[in-house]
Student: 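Structure provided below as structure tokens; questions to follow.
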Amino acid sequence: MLIYPNYQKRRHAVSTITEPDHRACFRSLTDEVRIDSLPVTGEIPAWLSGELIRNGPAQYEVGSRSLNHWFDGHAMLHRFGFANGVISYANRFLDTRARRAALDKGEVRLTEFATDPCRSIFGRVQTAFSPQFTDNANVNLVRLGDKCLALTETPMPVVFDPETLATLGMEKSPGHHVTAHPHADPRSGEMISYAVHFGPRTTYRLHASRDGHTYRTIAKIGVREPGYMHSFALTEHYAILAEHPLLVNPLRLALGNQSFIENYRWHADRPTRLIVIDRHTGTLRGTFEAEPCFAFHHVNAFEDGPELVVDACVYDDDEIIRSTYLDRLRTEDPRIPRGTLRRWRVHLQVGSVRSEHLADTPLELPRVNYRRVNTRPYRYTWGTSISPQGRFLDRIAKVDVVDGTTTIWEQPACFPGEPVFVAAPDAREEDDGLVLTVTLDAKHGTSFLAVLDGRTLRELARASVPHHIPAGLHGQFLGTRS
């Protein structure tokens with residue numbers, strides 16, 4: 001690990017970016033550093049205290065081979081610490097079995113999202129009955145009880161130290177394909193998640209856990225061809241699984257010679273199924289049909305009389321997955337589809353689903369004032385967006401889901417990551433707080449943390465990092481006032 005106690009002497013030491021555009025987001029970062037104090041322009045609100053920890057892929061090359069997809073890179077944690085107006089920074093790879101095997105053998109040893117180690121047919125059959133899950137937990141992170149867990153879509157959450165970012169071990173969660181977006185239940189203190197259990201009788205299962213180690217099953221729902229679902233929605237009484245028509249035959253998954261996601265097939269003639277589960281009794285409340293579409297991320301959901309309101313960032317089909325393969329992202333124009341905010345109103349008594357278009361602005365990686373509005377009616381969401389001439393996520397957008405108006409923050413040749421909202425300690429309004437976004441400055445080959453006003457998206461401050469940070473996925477603010 002490189003330690004920079006005096007950042008000013010090293011501020012131009014690490015810069016390998018040559019493309020002043022979105023392609024800079026997908027160059028590997030291998031240096032691990034610790035910096036006690038980053039240079040800050042502007043003013044950090046005095047009340048901001050705690051740490052923002054980001055998770056995402058950082059290294060895309062294994063031996064002489066490049067991994068295939070944005071979601072395949074080796075997981076790296078990035079920590080921005082806030083104390084008394086000073087911002088520190090550190091980054092560190094997760095010390096996973098997948099990474100150790102790749103570095104030791106110089107080749108991919110475990111199946112990632114879209115990269116397969118090309119096992120023999122015997123090896124594939126053996127793996128089907130004794131799955132060799134990757135523990136490359138590069139998608140998200142949560143704090144559960146006294147543990148911090150890095151998550152991906154395999155049932156192997158990685159425990160890490162939020163101060164040092166050291167890898168502490170691994171847990172085992174139920175299922176074969178799991179969500180990296182569990183929900184926190186403030187009433188019970190549990191983490192609620194779902195998983196797909198593949199087998200002769202494949203099931204969707206809703207789980208709850210207090211410690212990330214022991215789980216109780218809330219519900220089991222049988223399914224013949226399970227869909228790829230990255231996240232799910234939660235209301236006060238229900239969990240909603242949006243099963244888009246990107247489906248897999250479990251036998252194909254077990255015996256096929258492709259990576260995980262390449263076993264799934266898009267069925268344009270099938271609806272999206274909204275599977276509603278009573279999360280207190282575990283009973284299936286109903287399955288409701290909506291238009292065929294695809295979404296990675298739900299924004300929020302709540303109950304409105306006899307209706308469930310479910311908001312998501314939606315695409316017409318699964319092209320967004322194909323457009324985020326590295327061989328496309330590393331071209332000048334990867335032609336990334338624009339996702340938009342869509343609302344489903346599910347009438348539990350009538351059995352109908354009504355779709356509403358909430359805003360024209362493209363939106364992805366959405367966040368809300370989670371503690372205040374999750375499972376409740378809300379007004380604002382913050383997310384990444386693409387400008388009309390953009391090639392990749394190059395804006396932060398704040399959308400008012402009530403009237404559809406949008407506020408934008410953007411900078412030339414800059415590519416911001418997921419915006420994380422931090423509520424002010426004395427907040428009266430839903431958007432009273434800060435938005436934190438790690439942004440890559442492709443022109444200068446470095447990154448910075450932007451601190452924005454949650455109401456106006458006016459830039460209040462930025463803290464500069466001496467190297468580029470590749471495009472990440474998700475993160476959390478772990479301070480006492482998140």
Side-chain angles (χ1 to χ4, degrees), residues 1-8 10-11 14 25 29 31-58 75-94 138-143 148 150 160-166 365 367 370 382 384 396 409 411 414-425 433-441 444 446-454 457 459-482:
M1 174 174 284
L2 304 177
I3 302 176
Y4 298 160
N6 189 340
Y7 171 89
Q8 297 293 343
R10 295 297 303 268
R11 67 181 301 171
V14 184
C25 297
L29 169 66
D31 285 339
E32 297 176 318
V33 307
R34 189 175 76 235
I35 303 169
D36 293 336
S37 179
L38 295 176
V40 174
T41 58
E43 186 174 350
I44 305 294
W47 58 262
L48 185 62
S49 177
E51 56 267 344
L52 170 71
I53 302 182
R54 300 287 305 163
N55 194 359
M76 176 180 277
L77 300 175
H78 304 264
R79 180 187 186 276
F80 293 85
F82 305 89
N84 302 316
V86 175
I87 302 180
S88 60
Y89 170 78
N91 67 325
R92 194 165 184 172
F93 281 104
L94 283 180
N138 63 6
V139 178
N140 200 3
L141 60 101
V142 296
R143 181 162 58 186
C148 283
F160 68 91
D161 185 321
E163 294 295 326
T164 66
L165 303 183
L365 302 173
R367 298 296 293 262
Y370 190 87
W382 298 261
T384 52
I396 295 296
W409 176 83
Q411 297 287 303
C414 287
F415 301 91
E418 173 194 53
V420 175
F421 180 79
V422 185
L434 303 174
V435 169
L436 308 178
T437 177
V438 177
T439 301
L440 190 143
D441 181 345
H444 296 96
T446 56
S447 292
F448 60 89
L449 175 70
V451 181
L452 312 177
D453 186 300
L457 292 190
E459 184 175 326
L460 302 177
R462 68 171 63 182
S464 300
V465 178
H467 56 73
H468 84 291
I469 297 176
L473 294 172
H474 301 286
Q476 305 291 337
F477 186 77
L478 300 182
T480 57
R481 298 191 183 278
S482 59

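Please read these numbers as outputs of a predicted model, since none were measured by experiment.
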Student: Within this structure, what is the CZ-OG1 distance for the pair F415 and T439, rounded to the nearest 0.5 Å?
Tutor: 10.5 Å
Student: How long is the span from the CG atom in L449 to the CG atom in L38, to the nearest 0.5 Å?
Tutor: 8.5 Å
Student: Looking at F477 and G50, what are the two nearest heavy atoms and their distance?
Tutor: CZ-CA, 4.1 Å
Student: Is L434 close to D453 at the side-chain level, that is, under 4.5 Å between some pair of heavy atoms?
Tutor: no
Student: Can you tell me how far OG1 of T437 sits from CZ of R54, rounded to the nearest 0.5 angstrom?
Tutor: 7.0 Å
Student: Just jot down the side-chain contact (heavy atoms from CB on, under 4.5 Å) partners of R367, sequence neighbours excluded, or say none.
Tutor: E418, V420, Q476
Student: Minimum heavy-atom separation for F93 and A58, please, with both atom names.
Tutor: CE2-CB, 3.9 Å
Student: Residues in ring pair (Phe, Tyr, Trp, His ring centres under 6.0 Å) with Y89, at least two apart?
Tutor: F80, H467
Student: Determine the minimum heavy-atom distance between L473 and V139, stating which atoms define it.
Tutor: CB-O, 3.5 Å
Student: The criterion is salt bridge (Lys or Arg N to Asp or Glu O under 4.0 Å); which residues satisfy it with R79, sequence neighbours excluded?
Tutor: E51, E163
Student: Under the side chain to side chain contact (heavy atoms under 4.5 Å, CB included) rule, what do R92 and T164 come out as? Steps first, then yes or no, please.
Tutor: CA-CA 9 Å; R92 194 165 184 172; T164 66; 4.2 Å; yes
Student: What pair of heavy atoms forms the shortest contact from N140 to G475, and how long is it?
Tutor: OD1-N, 4.1 Å
Student: Just jot down the ring pair (Phe, Tyr, Trp, His ring centres under 6.0 Å) partners of W409, sequence neighbours excluded, or say none.
Tutor: none
Student: Please walk me through it: do W382 and L452 pass side chain to side chain contact (heavy atoms under 4.5 Å, CB included)?
Tutor: CA-CA 11 Å; W382 298 261; L452 312 177; over 6 Å; no
Student: Measure the spacing between CG of D36 and CD1 of I87 and express it to the nearest 0.5 Å.
Tutor: 13.5 Å
Student: Would you call T446 and H468 a side-chain contact if the rule is heavy atoms closer than 4.5 Å?
Tutor: no
Student: Would you compute the distance between atom CG of N55 and atom NE2 of H78 and round it to the nearest 0.5 angstrom?
Tutor: 8.0 Å
Student: When you compare the side chain of L29 with that of N91, does any pair of heavy atoms fall below 4.5 Å?
Tutor: yes
Student: Give me each pair satisfying salt bridge (Lys or Arg N to Asp or Glu O under 4.0 Å) with a member in residues 464-477, each pair once, sequence neighbours excluded.
Tutor: none
Student: Is there a side-chain contact between L141 and C148 in this structure, where contact means two heavy atoms from C-beta onward sitting under 4.5 Å apart?
Tutor: no
Student: Locate the shortest heavy-atom distance separating A461 from G42; write the atom from each residue and the value.
Tutor: CB-C, 4.0 Å
Student: Which pair of heavy atoms, one from G479 and one from R143, lies closest together, and at what distance?
Tutor: O-NH2, 3.9 Å
Student: Rounded to the nearest 0.5 Å, what separation is found between the CZ atom of F448 and the CD1 atom of I469?
Tutor: 11.0 Å
